[in-house]
Amino acid sequence: MTDLKLLVDIGNSRIKWAFGTSAHFVAQGDVPHAAGGLGDLLDSALRPGEIRIANVAGIGAGDRVAAVLRERFGFRAVFAAAAARGAGVHNGYTDPTQLGVDRWLAICAAFARFGGP
């Protein structure tokens, strides 16, 4: 298994992606939803060991992208989700899923990098 990860952000208007390791990104791109595909991502010769997805565009969009990636790379993606606690951060929402996963991940990453608010 490789330490190369494929990170995918399914936003409301665009799908952004990056191949990377813990040290740096090696390739990245984006495509509007209206394009109906994943663009250069599917043509890449890179083979990730993991696929991680953050999705705010709804279940249907997430399922479609995950199915295409499973067909292309041969394994399932893992979807990120907001939680009550994680990475040293407490989610203040009564229902933790009310905080968008994109914002949750940004907060966790900022806390990991800077060690505080």
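Note: hydrogens, waters and symmetry copies are ignored here, and every other heavy atom, side chains too, is used.
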Shortest non-hydrogen contact between Ala57 and Gly11, atoms and distance: CB-O, 3.2 Å
Would you compute the distance between atom CD1 of Ile15 and atom CG of Asp9 and round it to the nearest 0.5 angstrom? 9.5 Å
Where do Asn91 and Pro96 come nearest, in terms of heavy atoms and distance? ND2-O, 3.1 Å
Specify the closest pair of heavy atoms between Gly37 and Val31, including all atoms of both residues, with the distance to one decimal. O-CG1, 3.4 Å
Check whether any side-chain N or O of Arg72 sits under 3.5 Å from a backbone N or O of Leu42 as a donor-acceptor pair, and report yes or no. yes
Give me the ring orientation class for Trp17 and Phe19: parallel if the planes are under 30° apart, tilted from 30 to 60°, perpendicular past 60°. perpendicular
Tightest non-hydrogen contact, residues His33 and Asn12, listed as CD2-O, 3.4 Å
Ile51 CD1 to Lys5 NZ distance, which is reported to the nearest 0.5 Å: 12.5 Å
Please write out which residues are connected to Val78 in a hydrophobic cluster, directly or through intermediates, given that two of Ile, Leu, Val, Met, Phe, Trp, Tyr count as joined at side-chain heavy-atom separations below 4.5 angstrom. none
Min side-chain heavy-atom separation Asn55-Val101 under 4.5 Å: no
Taking CZ in Arg14 as the centre, count heavy atoms belonging to other residues, nucleotides or ligands within less than 6.0 Å. Is the count above 12? yes
Which distance, rounded to the nearest 0.5 Å, do you find between the CD1 of Ile10 and the CZ of Arg64? 9.0 Å
Within the 4.5 Å heavy-atom criterion, are Leu41 and Leu69 side-chain neighbours or not? yes
Whichever hydrophobic residues join Leu7 through chains of side-chain contacts under 4.5 Å: Phe25
Got more than 12 heavy atoms from elsewhere within 6.0 Å of CZ, Phe75? yes
Answer whether the closest heavy-atom distance between the side chains of Ile107 and Leu99 falls below 4.5 Å. yes
For Ala77 against Ile53, the heavy-atom pair lying closest together: CB-CD1, 3.5 Å
One thing to verify: whether Lys16 and Asp30 come together as a salt bridge, which I'm taking to mean a side-chain N less than 4.0 angstrom from a carboxylate O. no
Check this for me: Arg47, atom CZ, are more than 12 non-hydrogen atoms of other residues, nucleotides or ligands nearer than 6.0 Å? yes
Could you tell me whether a side-chain N or O of Arg52 sits under 3.5 Å from a main-chain N or O of Leu6, the two making a donor and an acceptor? no
If you take all heavy atoms of Leu46 and Phe73, which pair is closest and at what distance? O-CE2, 3.6 Å
Residue pair Val68 / Leu38, side-chain heavy-atom distance below 4.5 Å: yes
